[in-house]
Engineer: 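Here it is, the structure in full.
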Amino acid sequence: MPRVRAERRLLRGPVVAAMLLAAIVIIGTIGYVALEGWTWFDAFYMTITTITTVGGGEPHAMRVAGKWWTIIVVTIGFGILTFTLLTLIGYVIEGRLGVAVIERRMRRRVAKMTGHFVLCGYGRVGCEVARNFIQEHIDFLVIDINPDSLVRASREGLTVVNGDAADIATLKEAGVDRARGLIACIDSDENNVYVTLSARVLNPKLFIVARANRDDTEPKLRLAGANRIISPYTIGGRRIASLAMRPTAVEFVDTVLSANNGQLLLEDFTIPDNSTWIGSTIASLTPEGDEVIILAMKRAERMYFRPSDAQLAGGDEIVAAGPPDGIRDLEKRLFRVTQV
């Protein structure tokens with residue numbers, strides 16, 4: 001995995017220095033045991049005091065061979081000890097050790113995530129997507145290769161994966177096989193196509209929303225496996241026109257879709273294949289006096305508006321509007337399943 005390899009590169013210096021230090025301590029101890037016939041503890045004690053140059057006296061009288069060994073140990077050992085200390089100090093001052101620790105902690109957090117969204121790209125569009133996810137309390141992580149974007153996301157307390165989202169190894173590290181959906185909103189259309197294709201290969205059931213900056217990119221994204229394709233420029237133009245022509249209607253839709261709205265919510269639900277409501281009519285979902293309204297039903301890629309007499313089937317998607325309590329109650333009723 002990319003992050004694992006980067007983490008190993010960060011820790012390579014301290015690990016090598018520590019191994020060299022351990023090696024000289026072991027070799028020095030063995031040498032004193034072999035040359036002077038001392039106990040292992042006395043030999044270890046002499047090696048440590050020699051390497052650190054703190055002195056402390058010899059545990060026993062030393063022969064000429066032992067003195068020559070001491071010269072060798074202090075010359076090599078003090079050099080290795082100095083190298084080790086300078087390496088550790090350098091890592092602390094440069095912050096690389098902290099980065100390695102943070103990346104390992106982040107990797108563990110990602111490994112625990114399931115049913116989450118994978119947000120590829122943390123530019124202006126990605127930031128807005130993340131803001132809405134946060135407001136809706138949606139579990140998600142960010143993939144980006146730009147250092148500035150990663151720093152911004154980390155400062156916001158987001159879970160991040162450092163790597164190229166078009167790389168299958170990076171997507172695997174982000175848990176795409178366990179994810180609920182993926183948003184490809186990188187500035188480059190070509191990268192969004194690669195991301196979509198790679199994600200679809202890893203998870204055929206993944207719901208993918210992809211960004212297209214050019215009109216000719218949309219068919220490519222559709223062939224790559226995107227479920228929905230969004231053009232920020234097209235959406236922005238339509239919204240400006242709608243606000244100019246129908247300001248009140250647009251304001252109403254914005255209010256309904258707002259995560260901070262506490263009066264009226266707009267939600268969509270997918271009917272489970274083992275739901276107890278299969279075969280029942282749409283009208284039976286909202287009995288008389290219920291504040292929730294079923295606005296539409298989607299079946300086989302076709303949308304039906306206010307289909308009150310239609311019978312529900314597994315996989316149907318319905319759009320409902322109503323107060324938060326009513327929406328939550330409808331959700332509980334819909335997801336009651338038949339006991340096997």
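The shown structure was predicted, so the numbers you read here are calculated from the model rather than taken from an experiment.
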Engineer: Among pairs that include at least one residue of residues 177-186, which meet salt bridge (Lys or Arg N to Asp or Glu O under 4.0 Å), considering only residues two or more places apart or in two chains?
Structural biologist: none
Engineer: Any donor and acceptor pair, going by atom type alone, linking the side chain of Ser198 with main-chain N or O of Ala166 inside 3.5 Å?
Structural biologist: yes
Engineer: Scan residues 223-250 for pairs that pass salt bridge (Lys or Arg N to Asp or Glu O under 4.0 Å), counting only residues two or more places apart or in two chains.
Structural biologist: Arg239-Asp254
Engineer: Using the side-chain contact (heavy atoms from CB on, under 4.5 Å) rule, take Val125 and Ile230 through it: C-alpha gap first, then chi angles, then the decisive distance, then the call.
Structural biologist: CA-CA 11 Å; Val125 175; Ile230 300 296; over 6 Å; no
Engineer: Of all residues at least two apart in sequence or in a different chain, which pass the side-chain contact (heavy atoms from CB on, under 4.5 Å) check with Met303?
Structural biologist: Ala296, Lys298, Phe305
Engineer: Partners of Asp316 by salt bridge (charged side-chain N to carboxylate O under 4.0 Å, His left out), sequence neighbours excluded?
Structural biologist: Arg299
Engineer: Taking Leu206's backbone N and O only, do any of them form a donor-acceptor pair with Arg200's side chain (distance below 3.5 Å, no angle check)?
Structural biologist: yes
Engineer: Residues in salt bridge (charged side-chain N to carboxylate O under 4.0 Å, His left out) with Glu317, at least two apart?
Structural biologist: none
Engineer: Side-chain heavy atoms under 4.5 Å apart, restricted to Ile/Leu/Val/Met/Phe/Trp/Tyr: what other residues fall into the cluster of Trp68, or is it alone?
Structural biologist: Val64, Ile71
Engineer: Could you note down all residue pairs passing salt bridge (Lys or Arg N to Asp or Glu O under 4.0 Å) where residues 138-166 supplies at least one of them, sequence neighbours left out?
Structural biologist: none
Engineer: Which residues pass the ring pair (Phe, Tyr, Trp, His ring centres under 6.0 Å) test with Tyr194, not counting sequence neighbours?
Structural biologist: none
Engineer: Check the surroundings of atom CG in Asp215: do more than 12 heavy atoms from other residues, nucleotides or ligands lie under 6.0 Å from it?
Structural biologist: no
Engineer: Given Ile51, which partner from the list Ile80, Val74, Val25 fulfils the side chain to side chain contact (heavy atoms under 4.5 Å, CB included) test?
Structural biologist: Val25
Engineer: Got a sec, which pairs hit salt bridge (Lys or Arg N to Asp or Glu O under 4.0 Å) with one end in residues 181-198, sequence neighbours left out?
Structural biologist: Asp187-Arg211, Asp189-Arg214, Glu190-Arg214
Engineer: Holding to ring pair (Phe, Tyr, Trp, His ring centres under 6.0 Å), I want the full list of residues that pass it with Phe117, two or more places apart in sequence or in another chain.
Structural biologist: Phe133
Engineer: Look at atom CZ of Phe269 and say whether more than 12 heavy atoms of other residues, nucleotides or ligands are closer to it than 6.0 Å.
Structural biologist: yes
Engineer: For Arg302, check salt bridge (charged side-chain N to carboxylate O under 4.0 Å, His left out) against everything at least two apart and list the hits.
Structural biologist: none
Engineer: Please name all residues satisfying salt bridge (charged side-chain N to carboxylate O under 4.0 Å, His left out) with Asp329, sequence neighbours left out, ordered by chain then number.
Structural biologist: Arg333
